[in-house]
Amino acid sequence: MRGKDMAMIFQEPMSALNPLMTVGAQVTEVMEAHRAFTPDARKQRALDLFNFVGLPDPKVLYDTHPFRLSGGQRQRVMIAMALALEPPLLIADEPTTALDVTTQAQILALIAKIQKEKGMGVMFVTHDFGVVAEIAHRVAVMEKGILVEQGSVDQVLNNPRHPYTQRLIAAVPHLRKIERVVAKEGEVVLEVANLQKTYVTGRTLFTKPRIIKAVDNVSFTVRRGETLGIVGESGSGKSTIGKCLLKLIKIDGGEIRFQGTDIAGYSEAQLRPLRRHVQMIFQDPFASLNPRHTVGRSICDGPIANGDSPRDAEHRTRELLELVGLDVSAFDRYPNQFSGGQRQRIGIARALALNPSLIVADESVSALDVSVQAQVLELLQSLQKRLQIGIIFITHDLRVASQICHSIAVMHQGKIVEFGKPTDIFNNPQSDYTKRLVDAIPGKQWEPQESVV
Ligand code: ADP
Ligand code: MG
């Protein structure tokens with residue numbers, strides 16, 4: 001049945017493709033296994049399929065190994081493979097979750113086109129309601145192994161009946177219509193001018209050395225109490241900016257003025273007293289928490305290293321745990337005893353322990369479920385208001401950025417291609433790249449009704 005009656009595509013095509021076989025051979029193998037087509041016709045069929053799924057240069061690609069392809073191209077190869085025998089059912093399990101929005105939009109359009117032309121049934125598994133709005137006719141909502149609600153896409157998205165569906169939909173980040181205003185315009189905490197970072201990757205067996213301008217002449221300022229969003233697709237240089245600001249990597253040029261002082265040329269020793277003022281929150285706090293230390297110890301470490309007495313540090317840590325909405329008993333527990341959302345709260349508590357004036361949050365809610373994501377965003381905003389922190393919020397998700405940011409910088413190939421208020425950027429994008437990016441946001445037409453939210 002596999003391949004002939006039903007075929008499956010996955011989130012990570014790299015792990016589903018055989019790294020040792022050319023992609024052409026993998027597609028023909030499916031046909032061979034089912035003795036479909038004559039051996040001579042198989043290659044032609046594979047080439048036709050590559051063409052059909054929009055892969056460039058099918059003839060060259062046929063003899064290429066998977067690691068040479070981009071994520072979107074690999075997913076197209078998987079789709080070509082799934083279509084080889086024209087099965088009546090395609091099961092797609094989060095096939096676009098690991099892709100950039102513009103690539104995601106292309107793959108969704110491709111699946112819709114195939115469905116229309118081949119009359120295939122598609123079971124599309126996703127956690128993203130925007131994608132649901134984009135692609136589904138009918139929706140089934142699952143909670144803890146049970147289908148709690150089923151109906152047409154219109155009924156489920158606009159008129160959900162089950163409380164779980166209602167909660168989920170209320171938590172979906174949407175493009176905001178209303179401007180976020182800065183509660184209190186604070187002093188400029190960070191001023192970046194003409195920041196440059198170039199990576200030179202060494203020659204390997206397969207590649208020549210490449211020079212990548214990861215950050216190319218980037219300038220911006222952040223005030224206390226303000227959130228600056230840095231958005232863009234993967235590889236656009238967002239994380240590199242974050243690393244430069246924290247001086248985790250050497251920069252190649254430009255100024256980083258922190259509270260008036262240019263720290264670009266500072267040595268590690270000069271930076272040490274400043275370090276506490278700039279903190280970072282990561283995508284996966286688990287990876288940055290020591291699994292063998294209690295949460296309390298992980299949070300206390302920073303303040304103690306900065307001269308606080310253990311007693312004061314402990315007292316403050318207990319306060320912080322409460323502030324981020326965790327039980328004080330968290331102090332004596334270990335990171336593995338917490339959920340993803342709770343761990344992100346721990347990461348925030350740890351960042352706050354040193355009383356920073358600036359926090360750099362790199363994809364810090366990207367791994368969380370929508371309902372948890374909404375809670376963490378809420379927490380960040382209320383803490384920011386109370387503590388007057390400047391936040392640099394790095395994300396690939398424009399919907400999330402529009403929720404939390406006061407201003408947004410759109411990055412493309414190391415450059416800021418557009419800068420402005422979220423509402424201006426989303427309603428009236430100026431650069432071509434931003435237009436494409438905004439166009440590709442899944443489900444942007446769909447607005448949950450007032451009664452739901
Ligand atoms: P983003 O966070 O927007 O996904 P990054 O800042 O991580 O992007 O990467 C920007 C560019 O720099 C990419 O082309 C990436 O491949 C490259 N890059 C990042 N880190 C390194 C490194 N340590 N060595 C070489 N190239 C790198
Ligand atoms: Mg990144």
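Remember, predicted model here, so these are calculated numbers, not experimental data. Both counts, for ligands and for their atoms, begin at 1 and track the order of listing.
A cation-pi arrangement is not found for Arg76 relative to Phe50, the charged atom failing to lie both closer than 6.0 Å to the ring centre and inside a 45° cone about the ring normal. A cation-pi arrangement, defined by a distance under 6.0 Å to the six-membered ring centre and an angle within 45 degrees of its axis, is present between Arg333 and Phe338. By the 6.0 Å and 45° rule, Lys113 stacks over the aromatic ring of Phe52.
The salt bridge (Lys or Arg N to Asp or Glu O under 4.0 Å) test applied to Arg272 returns no partner, not counting sequence neighbours. His412 pairs by the ring-ring contact (aromatic ring centres under 6.0 Å, His included) definition with Tyr433, not counting sequence neighbours.
Asp332 has no carboxylate O lying under 4.0 Å from a charged side-chain N of Arg297, or vice versa, which leaves the two without a salt bridge. Electrostatic pairing of Lys435 and Glu418 does not count as a salt bridge here, judged by no charged N lying under 4.0 Å from a carboxylate O.
Just one of Gln413, Lys415, Lys197 meets the side-chain hydrogen bond (donor to acceptor under 3.5 Å, both in side chains) condition when paired with Asp216; it is Lys415.
Side-chain N/O atoms of Ser364 and Gln344 include no donor and acceptor closer than 3.5 Å.
Ligand 1 is surrounded by Tyr199, Thr201, Ile212, Ala214, Glu233, Ser234, Gly235, Ser236, Gly237, Lys238, Ser239, Thr240, each with at least one heavy atom closer than 4.0 Å.
Only protein N, O or S atoms were scored, and 1 of them lie under 2.8 Å from the Mg ion (ligand 2).
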